[in-house]
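Here, residue 1 is the first one in the sequence, and each next residue gets the next number. Hydrogens, waters and symmetry mates are skipped; everything else that's a heavy atom, side chains included, is used. Predicted model, so just to flag it, every value in this text is computed and none were measured.
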Amino acid sequence: MTQSPVDKYHVPQWLGAKARRRFHVMAKPAGPACNLDCTYCFYLGKESLPGGAGTGRMSDELLETFIRDYIAGVTGDEVVFSWQGGEPTLLGIDFFAKAVALQRRHAKPGQRIENDLQTNGTLLDENWARFLKENRFLVGLSVDGPKDVHDRFRVTKRGKPTFDQVMTGARWLRRFGVPFNTLTCVHRYNAKRPLDVYRFLRRELGSTYLQFIPIVQTRDFETTAPQTWDPARLPVVGSSQARPGRPDSVVTDWSVDPEEYGDFLCKVWDEWRRRDVGKVLVNFCETLVAQHMGLPSQLCIHAENCGKGVAVEHDGSVYACDHYVYPQYRRGNVRTTALADMVFDPAQVRFGYAKSETLPKYCRDCSFLRDCWGECPRNRIVRAPDGEAGLNYLCPGLKRFFAHATPEAQRLAARLRAQAAGR
């Protein structure tokens with residue numbers, strides 16, 4: 001009899017003393033609270049979502065419960081605390097000093113505790129930089145490109161630009177030697193300028209680890225959870241409804257165009273391959289090469305399955321993923337249920353396996369299936385040419401990129417394997 005996905009996570013090997021149970025939690029201790037009002041933010045709306053995250057601040061008591069439970073639940077040799085939001089620096093340095101102290105108090109012998117902080121950078125100053133350096137935080141800095149590009153959508157509550165503040169924050173990080181990555185959202189505006197964006201991040205900001213995330217949002221994303229759409233109303237890939245800026249489009253005007261996203265990926269890949277291989281880590285470039293070396297995807301969006309990366313809100317509520325903070329995907333609360341039990345609960349296991357098991361035939365027959373795996377399920381908002389629902393909105397651009405980059409990725413992978421074998 002074929003073993004079901006749920007059974008796979010409930011056989012004794014997961015419960016044995018020698019099991020290595022690894023999962024990742026993205027903590028949102030300030031919920032969706034933020035000092036900015038970025039046009040494309042998918043999280044600000046959680047303040048008013050019925051049954052959703054709401055607003056607030058994680059209490060000291062809940063912070064300790066979360067930290068203790070997370071450390072106890074992960075039986076691997078490393079526990080990574082990812083602090084995000086909203087804007088986590090709104091909580092102040094004292095909050096994170098408490099978190100670090102609690103981690104030290106509850107750490108298990110031989111287990112590494114790591115921290116990373118995703119921030120818009122506008123509140124970073126000398127005190128923050130000193131704290132982050134002393135406590136070995138890795139920082140993710142959100143920046144969308146040169147000044148005119150960044151300030152198009154990343155603005156304050158009063159609509160004021162933020163680029164200069166972000167650059168000041170970056171200078172403090174560099175001055176104190178705080179390691180930082182850049183996180184760049186690719187939207188309809190900056191997708192047209194891939195080399196301007198890449199070269200700014202590399203040459204002016206000095207980033208050596210670049211992460212790119214496509215902006216894809218249905219017009220009703222604030223109230224409608226992913227995978228609850230009416231399949232019959234989804235547009236066919238390539239139609240006007242499946243492109244931004246059209247009157248009948250299903251996505252917001254600022255969502256990235258699929259074709260332009262493919263062009264963006266291709267041009268960044270070419271620039272990285274010509275100038276920066278071995279010197280700069282670009283998330284989608286590195287993972288493509290790694291996959292052709294036979295290694296697991298470094299990105300959840302291009303992994304066969306997902307589900308081991310949950311989000312915990314300021315009130316202790318746990319959701320299937322930080323892009324799935326909707327009532328339908330709430331898994332429980334750390335006040336009453338162990339994190340590990342929620343991560344390996346049958347509902348969450350089914351959620352993770354659905355990533356590959358619900359792919360349309362158009363994907364399963366695609367020559368790039370094992371490079372792509374349908375990207376993120378939250379973006380599967382169009383129908384395949386044959387009418388089957390569940391195709392990724394970005395499919396045309398992704399296929400273009402994989403056709404362009406895969407031959408060179410295979411050559412790079414072969415060269416790296418040969419170098420490893422010769423050591």
S.K.: Are Leu205 and Met167 packed together at the side-chain level, in the sense that at least one heavy-atom pair is separated by less than 4.5 angstrom?
M.R.: yes
S.K.: When the side chains of residues 360-371 are checked against the rest of the protein, which donor-acceptor pairs come out under 3.5 Å, sequence neighbours left out?
M.R.:
{"unit_1": "Lys361", "atom_1": "NZ", "unit_2": "Asp365", "atom_2": "OD2", "d": "2.4"}
{"unit_1": "Tyr362", "atom_1": "OH", "unit_2": "Lys399", "atom_2": "NZ", "d": "3.3"}
{"unit_1": "Arg364", "atom_1": "NH1", "unit_2": "Leu359", "atom_2": "O", "d": "2.6"}
{"unit_1": "Asp371", "atom_1": "OD1", "unit_2": "His292", "atom_2": "NE2", "d": "2.8"}

S.K.: Counting the benzene-type ring for Trp, do Phe96 and Phe81 have ring centres under 6.0 Å apart?
M.R.: no
S.K.: Taking side chain to side chain contact (heavy atoms under 4.5 Å, CB included) as the definition, give me every residue that meets it alongside Lys355, ordered by chain and number, with sequence neighbours left out.
M.R.: Cys306, Trp373, Pro377, Arg380
S.K.: Going by atom types only, do Asp248 and Ser240 share a side-chain donor-acceptor pair under 3.5 Å?
M.R.: yes
S.K.: Can you tell me which residue pairs pass the ring-ring contact (aromatic ring centres under 6.0 Å, His included) test with a partner in residues 223-266, sequence neighbours excluded?
M.R.: Phe212-Phe264
S.K.: Is the shortest heavy-atom distance from the side chain of Asn283 to the side chain of Asn181 under 4.5 Å?
M.R.: no
S.K.: Could you check whether Lys28 makes a cation-pi contact with Tyr43, meaning its NZ or CZ is under 6.0 Å from the centre of the six-membered ring and within 45° of the ring axis?
M.R.: yes
S.K.: Any side-chain heavy-atom pair from Val139 and Pro179 closer than 4.5 angstrom?
M.R.: no
S.K.: Using a 4.5 Å cut-off on heavy atoms from C-beta on, say whether the side chain of Cys372 contacts that of Phe402.
M.R.: yes
S.K.: Decide yes or no for Trp272 and Leu281: does some side-chain heavy atom of the first lie under 4.5 Å from some side-chain heavy atom of the second?
M.R.: no
S.K.: Is any side-chain heavy atom of Arg154 closer than 4.5 Å to a side-chain heavy atom of Tyr40?
M.R.: yes
S.K.: Considering only heavy atoms from C-beta outward, does the side chain of Leu62 approach that of Arg335 to under 4.5 Å?
M.R.: yes
S.K.: Taking the side chain from Glu375 and the backbone from Ile301, do they hold a donor-acceptor pair closer than 3.5 Å?
M.R.: no
S.K.: Below 4.5 Å, heavy atoms only, C-beta onward: do Lys308 and His24 meet side chain to side chain?
M.R.: no
S.K.: In terms of side-chain heavy atoms, does Trp172 have a donor or acceptor partner in Asp125 at a distance below 3.5 Å?
M.R.: no
